[in-house]
Amino acid sequence: MEIKVFHQLADTLFDEIERDIDNFAEQFDTDIDFESHGNVITITFENNNKIIINTQEPLLQIWMATPQQGYHFENKEGNWICNRSGIPFKQLFSQSVINQIKD
């Protein structure tokens, strides 16, 4: 994959994450802080737990760190897939956000 394509796909994912966080905050009536600086997103929950998502350009991956675990995702046929479990980003991300909200 070319770097330019990687960045386009990552930017699209980051936009979706921001919309998803707004939806989670509304759905669960909770305060979730969203900060984006370059290639890093920091999501902070009311309990001060964080989820950090960033690009790893040399590896063409997206990494997500949660209080419980870290994940590495590769783009396969237009979907970001965990390289260990094969689970899509959206599924692991949603589970992680809900875990932090309910913690």
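Just so you know, these numbers come straight off a predicted model, no measurement behind them.
Note: the hydrophobic cluster containing Ile52 does not contain Phe73 (ILVMFWY, side chain heavy atoms under 4.5 Å, direct or indirect links). Criterion: ILVMFWY side-chain heavy atoms under 4.5 Å apart, direct or through other members. Under it, Ile62 and Val5 are part of a common hydrophobic cluster. No single ILVMFWY cluster, assembled from side-chain heavy atoms under 4.5 Å apart, contains both Trp63 and Ile17. No continuous path of hydrophobic side-chain contacts links Val40 to Leu13 [ILVMFWY only; heavy atoms under 4.5 Å].
Residues Phe93 and Met64 share a closest heavy-atom pair of CD1-SD, 3.8 Å.
Remark: Glu26 CD is loosely packed, at most 12 non-hydrogen atoms of other residues, nucleotides or ligands lying under 6.0 Å away.
Not a single donor-acceptor pair under 3.5 Å links the side chain of Asn79 to the backbone N or O of Ile81. Judged by distance alone, with hydrogens and angles left aside, the side-chain atoms of Thr55 form no donor-acceptor pair with the main-chain N or O of Glu57 at under 3.5 Å.
Distance check: Asn54 CG to Gln61 CD gives 10.5 Å after rounding to the nearest 0.5 Å. With values rounded to the nearest 0.5 angstrom, Asp11 atom CG is found 10.0 Å from Asn39 atom CG. Put simply, CG on Leu92 and CH2 on Trp80 are 14.5 Å apart, with the number rounded to the nearest 0.5 Å. Atom CG of Asp103 is separated from atom CD1 of Ile101 by 11.0 Å, given to the nearest 0.5 angstrom. Atom OG in Ser36 sits 12.0 Å away from atom CD1 in Ile21 (nearest 0.5 Å). Distance check: Glu46 CD to Phe28 CZ gives 12.5 Å after rounding to the nearest 0.5 Å.
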_Derivation and outcome, side-chain contact (heavy atoms from CB on, under 4.5 Å), residues Ile41 and Ile51_ = CA-CA 8 Å; Ile41 292 174; Ile51 293 176; over 6 Å; no
*side chain to side chain donor-acceptor pair (under 3.5 Å) evaluation trace for Thr44 with Lys50*: CA-CA 5 Å; Thr44 307; Lys50 296 180 187 314; 3.3 Å; yes
_Go through it in stages, so that I can follow the logic: the residues are Phe14 and Ile53, the test is side-chain contact (heavy atoms from CB on, under 4.5 Å), and I'd like the CA-CA distance, side-chain angles, deciding distance and then a yes or no._
CA-CA 9 Å; Phe14 279 25; Ile53 302 164; 4.0 Å; yes
*Yes or no on side-chain contact (heavy atoms from CB on, under 4.5 Å) for Thr66 and Tyr71, after CA distance, side-chain angles and deciding distance?*
CA-CA 8 Å; Thr66 72; Tyr71 304 93; 4.2 Å; yes
*Checking side-chain contact (heavy atoms from CB on, under 4.5 Å) for the pair Phe24/Ser94: CA distance, chi angles, key distance, verdict?*
CA-CA 9 Å; Phe24 279 118; Ser94 294; 3.7 Å; yes
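His72 and Gln56 form no side-chain donor-acceptor contact under 3.5 Å, judged by distance and modelled atom types alone. Between the side chains of Gln100 and Gln95, no donor-acceptor pair of N or O atoms lies under 3.5 Å.
Among the candidates Gln8, Met1, His7, the single residue satisfying the side-chain contact (heavy atoms from CB on, under 4.5 Å) test with Lys4 is Gln8.
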